[in-house]
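This is a predicted model, so every value here is computed, not measured.
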Amino acid sequence: DMGGHDTFMHKEICEQPDAVDRVLRGRIDDRFSTVHLGGLNLDPREARTIRRIKILGCGTSYHAGLIGAGLIESMARIPADAEPASEFRYRNPVVDPDTLYIAVSQSGETYDVLAAVQELKRKGARVLGVVNVVGSAIAREADGGVYVHAGPEVCVVSTKCFTNTVTAFALLALHLGRIRDLSVTDGKRIIEGLRKLPAQIEEILKTEDQIKEIAEQYAGAQSMMFIGRVRGYPVALEASLKLKEISYIHAEAYPASELKHGPLALIEPALPTVAIVPDDDLLEKNRAALEEIKARSGRILAVAHQPQAKADHTIVVPKNEDELDPILMGIPLQLLAYHTALAMGRDIDKPRNLAKSVTVE
Ligand code: F6R
């Protein structure tokens, strides 16, 4: 049942305020400015001994894991990184007893992720899951974890589950942070930010008509570039994946800082750039990248907290805490991919060559 929407993708994009509300519900502890994660199965003493966190997933879940790694590093100050699960499996990785492994999956059935979890467990590692489907294979195989509570996701491409997975990582990062060095004040600040998310997502969804108008102008492009820095880079990766999956426009994502090391050669009027430009300590750096693109007559669509003078269009999103901004900045880009694909007459819920869950190698 599409509930009055034309596609499941649109329905699922619009469900995000409720979905995020669900992942937060019953988990916030205001007394200690932390969160409770019932199924984590990691006691505080163990949590203090973790030296490193490795996050594994595929596709959109990998991108959510990249943002998750950043959240864990900044809030819990534990070195963390994400890697595609299939790459990890095939490179005979060093499995370190002080590392906590986290498998990320919407379906909980993705074979490459499941196989990585099984290999890790065989070698004695501790593996948690950040999973949407309750009781799925990865959820059962993991030692514990966090359910994402996005609800059923029918569209082949993931939207609400991405947003909820990143939010679940924010909860995990806050939890680990408050056991380690994150102050009460910072804990409170993050909790206030988390509570604002559903209403802010609602605000973004209200700008859909404007995003649709912009999307229609980019719908004819052969190729598009997505750039961001640090927290914004995984947002660029995910936006680029979403666009290519449903519109079949070629897209690539680069860290904005890497432009001058090669991809700047591609910039010309026919290659539009989508730039993630949050109002944070990297704002001036990001603006410099926009200038470099404009100097090569590149068209720019910025996703930012205030209109960007160098951009041809800006989608303005509400500001949250710096750490949580990536959650909000991803949402208009789901709508951008959606309306671009729609303008091109694509079959949005069933993109060619793709399956919802990849249970083969
Ligand atoms: C992208 C998409 C895929 C999945 C990937 C992992 O829109 O849907 O890239 O994210 O196949 O699937 P899960 O999260 O079920 O393990």
Side-chain angles (χ1 to χ4, degrees), residues 13 54-74 80-88 102 104-106 110 112-113 130 156-170 218 221 223-259 261-264 266 271-278 280 282 285-286 289 293 300-304 315 317 323-338 340-341 351 354 358:
I13 289 173
K54 181 88 192 176
I55 300 168
L56 303 167
C58 298
T60 290
S61 290
Y62 160 60
H63 296 156
L66 285 170
I67 301 179
L71 287 166
I72 290 168
E73 282 210 354
S74 66
D81 70 339
E83 185 177 343
S86 51
E87 287 288 292
F88 177 82
I102 303 179
V104 191
S105 178
Q106 186 287 125
T110 301
D112 278 322
V113 183
V130 174
V156 165
V157 303
S158 182
T159 52
K160 64 173 178 171
C161 191
F162 171 78
T163 302
N164 265 40
T165 301
V166 177
T167 308
F169 269 113
Y218 290 89
S223 180
M224 280 173 85
M225 178 73 83
F226 289 79
I227 58 169
R229 259 171 222 269
V230 190
R231 293 185 188 100
Y233 174 52
V235 175
L237 280 168
E238 173 56 13
S240 134
L241 177 64
K242 217 86 301 171
L243 183 78
K244 66 187 98 164
E245 284 180 298
I246 57 168
S247 75
Y248 319 144
I249 292 177
H250 167 254
E252 47 184 317
Y254 262 95
S257 52
E258 279 287 300
L259 270 184
H261 300 292
L264 207 49
L266 295 170
L271 182 86
T273 299
V274 176
I276 318 299
V277 190
D280 60 15
L282 296 171
K285 292 273 174 206
N286 281 319
I293 295 164
I300 301 171
L301 167 58
V303 176
I315 300 171
V317 298
E323 293 90 335
L324 304 179
D325 283 332
I327 301 176
L328 295 170
M329 296 196 127
I331 289 167
L333 294 169
Q334 299 170 346
L335 286 167
L336 181 78
Y338 181 80
T340 305
L354 299 178
V358 185

Which atoms form the tightest heavy-atom contact between [X] and [Y], and what is the distance?
{"X": "Ser257", "Y": "Arg229", "value": "CB-NH1, 3.6 Å"}
{"X": "Ala251", "Y": "Leu243", "value": "CB-CD2, 4.1 Å"}
{"X": "Gly59", "Y": "Leu241", "value": "C-CD2, 4.1 Å"}
{"X": "Pro351", "Y": "Tyr248", "value": "CA-OH, 3.5 Å"}
{"X": "Ser223", "Y": "Pro272", "value": "O-CD, 3.3 Å"}
{"X": "Asp112", "Y": "Cys58", "value": "CB-SG, 4.1 Å"}

Original post:
Yes or no on side chain to side chain contact (heavy atoms under 4.5 Å, CB included) for Ile227 and Ile293, after CA distance, side-chain angles and deciding distance?
Top reply: CA-CA 11 Å; Ile227 58 169; Ile293 295 164; 3.8 Å; yes

Are any side-chain N or O atoms of [X] and backbone N or O atoms of [Y], one a donor and one an acceptor, separated by less than 3.5 Å?
{"X": "Glu323", "Y": "Leu71", "result": "no"}
{"X": "Arg231", "Y": "Gly70", "result": "no"}
{"X": "Lys160", "Y": "Ile13", "result": "no"}

[atom1] of [X] to [atom2] of [Y]: how many Å apart, nearest 0.5 Å?
{"X": "Ser240", "Y": "Ile249", "atom1": "OG", "atom2": "CD1", "result": "11.0 Å"}
{"X": "Thr110", "Y": "Leu56", "atom1": "OG1", "atom2": "CG", "result": "12.5 Å"}
{"X": "Leu324", "Y": "Ile67", "atom1": "CG", "atom2": "CD1", "result": "11.0 Å"}
{"X": "Ser86", "Y": "Tyr62", "atom1": "OG", "atom2": "OH", "result": "10.0 Å"}
{"X": "Tyr233", "Y": "His63", "atom1": "OH", "atom2": "NE2", "result": "8.0 Å"}
{"X": "Leu333", "Y": "Thr159", "atom1": "CG", "atom2": "OG1", "result": "13.0 Å"}

Subject >> Met225 vs Pro263 side-chain heavy atoms within contact, under 4.5 Å >> reply: yes

Subject >> Heavy-atom side-chain contact between Thr340 and Ile246 under 4.5 Å >> reply: no

**OP:** Check side-chain hydrogen bond (donor to acceptor under 3.5 Å, both in side chains) between Thr273 and all other residues, then give those that pass, not counting sequence neighbours.
**Re:** none

N/O donor-acceptor pairs under 3.5 Å from side chains in residues 161-169, not counting sequence neighbours:
residue, atom, partner, partner atom, Å
Thr163, OG1, Gln16, OE1, 2.6
Asn164, OD1, Val20, N, 3.3
Asn164, ND2, Ala19, O, 2.9
Asn164, ND2, Val148, O, 2.9
Asn164, ND2, His149, O, 3.4
Thr165, OG1, Cys161, O, 2.6
Thr167, OG1, Thr163, O, 2.8

Subject >> Other residues, nucleotides, ligands: >12 heavy atoms within 6.0 Å of Phe88 CZ >> reply: yes

**OP:** Decide yes or no on side chain to side chain contact (heavy atoms under 4.5 Å, CB included) for Val113 and Val104, but give the supporting numbers first.
**Re:** CA-CA 8 Å; Val113 183; Val104 191; over 6 Å; no

**OP:** List the steps, then state whether side chain to side chain contact (heavy atoms under 4.5 Å, CB included) holds for Ile72 with Ile55.
**Re:** CA-CA 11 Å; Ile72 290 168; Ile55 300 168; 4.2 Å; yes

**OP:** List the steps and the verdict of side chain to side chain contact (heavy atoms under 4.5 Å, CB included) for Thr60 and Val157.
**Re:** CA-CA 8 Å; Thr60 290; Val157 303; over 6 Å; no

Original post:
What pairs with Glu245 under salt bridge (charged side-chain N to carboxylate O under 4.0 Å, His left out), at least two apart in sequence or on another chain?
Top reply: Lys242

